[in-house]
Structures are given as C-alpha cells and as structure tokens.
Amino acid sequence: MKPSNNPFAESCIMEKTEVPASSDEKYDHTPSSTAPPSIDPESIYPPKIQEQNDKSPTPNKSRLALRIWQTIAAPGTFILQASASAYANHDPPSAINVALLYFVYGVCSASFIWSSFMIYVYFTRRFGTAGKVKRAVTFAVDTFFAVLVGIGVSSEIGMYKCPPGELDGWCDLFNTGIFFGVSLFVTYVAHSLWTIFSSLSFIRETPSH
C-alpha cells in the first residue's frame with residue numbers, strides 16, 4: 001500500500017500506537033516523603049526568657065549579715081562563759097547550774113555549724129549554680145535554735161544575778177557571754193519571721209506595668 005501523504009492521518013496513527021502508561025505510574029498517588037518541619041524551642045521560649053527562668057534569685061545580703069553575726073555570737077557566748085573561771089581564777093558561784101552551762105555550750109556549737117553551712121550555701125549560690133536550702137527546712141532549723149538559745153540564755157539570766165565587776169571579773173565575762181547569747185537569739189527569731197513573711201508573698205498582687 002502506498003503511504004498516505006495526509007499529516008492528519010499520520011498523527012492519528014501515532015496516537016493509536018503510543019504505549020499507555022503503566023497502572024502504577026498512572027495511579028501513583030503516594031504522598032510525599034518529606035518530613036514535617038521541626039519546631040525550634042527557641043521560637044516558643046526566647047533565650048532571654050529561658051535564662052531568666054533557669055537563674056535562681058540572688059541571695060539576700062541582709063540574711064548573710066545575720067548569719068555572719070551568728071558565727072560570731074555563738075562562739076562568743078561559748079568562749080567567754082567557758083573561760084570566765086580561768087580568766088578570773090575563780091570558781092563559778094554555787095548558784096550556777098553547770099549542766100545548764102554545758103547545755104548552752106552545746107547549743108552554741110551546733111549553731112556555729114549551722115550558720116557556717118548557710119554562709120557556704122550563700123556563696124555557692126552567689127558565685128556558682130547551687131540551689132538554696134528549702135524554705136521549710138530553714139524555718140524549722142532556725143526556729144529550733146531560737147527555742148534552744150532562748151531557753152538557755154533566759155535560764156542563765158534568771159539563775160544568777162551577777163553584778164558587773166564581781167568575783168574578780170568572772171561576772172564581766174559571764175554577762176558579756178549572755179549579751180552574745182541574747183543577740184544570737186534575736187537573729188534566729190529574725191530569720192524565722194523573715195521566712196514566714198517571705199512565704200506569704202503569694203497573697204500580694206503582682207504590680208502591673
């Protein structure tokens with residue numbers, strides 16, 4: 001047969017002779033394997049806010065000053081009253097209860113250890129990343145020492161009235177030790193009240209800006 005010179009007929013023949021696409025290619029609707037975009041945490045929590053939340057509050061310098069005084073007052077009470085007899089070369093009066101003196105010495109020794117530990121905590125928070133002591137623990141220990149020191153010092157005051165200058169200077173050291181003991185008691189009461197009022201901060205309204 002003689003080939004046709006009609007271009008329309010040739011195009012029709014080519015369309016009929018085209019190989020149809022396979023069923024897999026024709027109906028391939030497989031979803032794209034591209035992973036969903038990840039969410040950057042910094043876009044939700046900016047770095048400044050994260051640093052502010054992670055950073056613990058700066059420790060209070062006034063509380064540090066009270067702790068430093070406690071480390072002075074506790075051994076001051078102990079040393080002055082314990083060395084009064086050696087300094088004056090005089091035995092304690094018969095009205096002085098020696099067991100009470102040892103009780104005060106023990107409380108002052110434990111108080112010195114606790115105050116020194118709290119000073120250590122202050123500096124590890126101030127210049128390091130350590131956390132603070134739990135508020136309930138601080139309140140319980142400070143109140144405990146306030147009660148013990150208060151009992152010891154008040155008992156010494158009521159036990160014997162030691163006039164200044166008497167007993168070859170024994171009373172001077174003993175009374176000075178009582179002064180340090182009273183100041184130690186006051187600092188522990190101040191710490192306990194400070195903790196209570198700090199815990200009640202949630203009842204105050206946040207100032208609006």
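- Within the 4.5 Å cutoff, the side chain of Phe103 has heavy atoms near those of the Leu148 side chain.
- Taking CH2 of Trp114 as the start and CZ of Arg67 as the end, the distance is 6.0 Å to the nearest 0.5 Å.
- Proximity of Asn60 to Trp194: side-chain heavy atoms (C-beta onward) are separated by under 4.5 Å at one or more points.
- Between the side chain of Thr143 and the backbone N or O of Ala140 there is no donor-acceptor pair closer than 3.5 Å.
- No side-chain heavy atom of Phe180 sits less than 4.5 Å from a side-chain heavy atom of Phe185.
- Although no hydrogens or angles enter the test, the distance criterion places no donor-acceptor pair under 3.5 Å between the side chain of Ser115 and the main chain of Phe112.
- The main-chain N or O of Leu66 is never found under 3.5 Å from a side-chain atom of Thr187 such that the two would form a donor-acceptor pair.
- In Tyr160, the OH atom is crowded: over 12 heavy atoms of neighbouring residues, nucleotides or ligands sit closer than 6.0 Å.
- Panel note: side chain Ser85, backbone His90; a donor-acceptor pair is recorded below 3.5 Å.
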Residue pair Ile151, Val147: steps toward the side-chain contact (heavy atoms from CB on, under 4.5 Å) verdict = CA-CA 6 Å; Ile151 292 174; Val147 172; 3.9 Å; yes

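- With respect to Asp142 and Arg63, no salt bridge is recorded, no charged nitrogen being found less than 4.0 Å from a carboxylate O.
- Here the side chain of Asn175 pairs a donor or acceptor atom with the backbone of Cys162 at under 3.5 angstrom.
- Contact of the Tyr122 side chain with the Lys132 side chain is not registered, since no non-hydrogen atoms from C-beta on lie closer than 4.5 Å.
- No more than 12 heavy atoms of other residues, nucleotides or ligands lie within 6.0 Å of CZ in Phe144, so this atom counts as exposed by the packing criterion.
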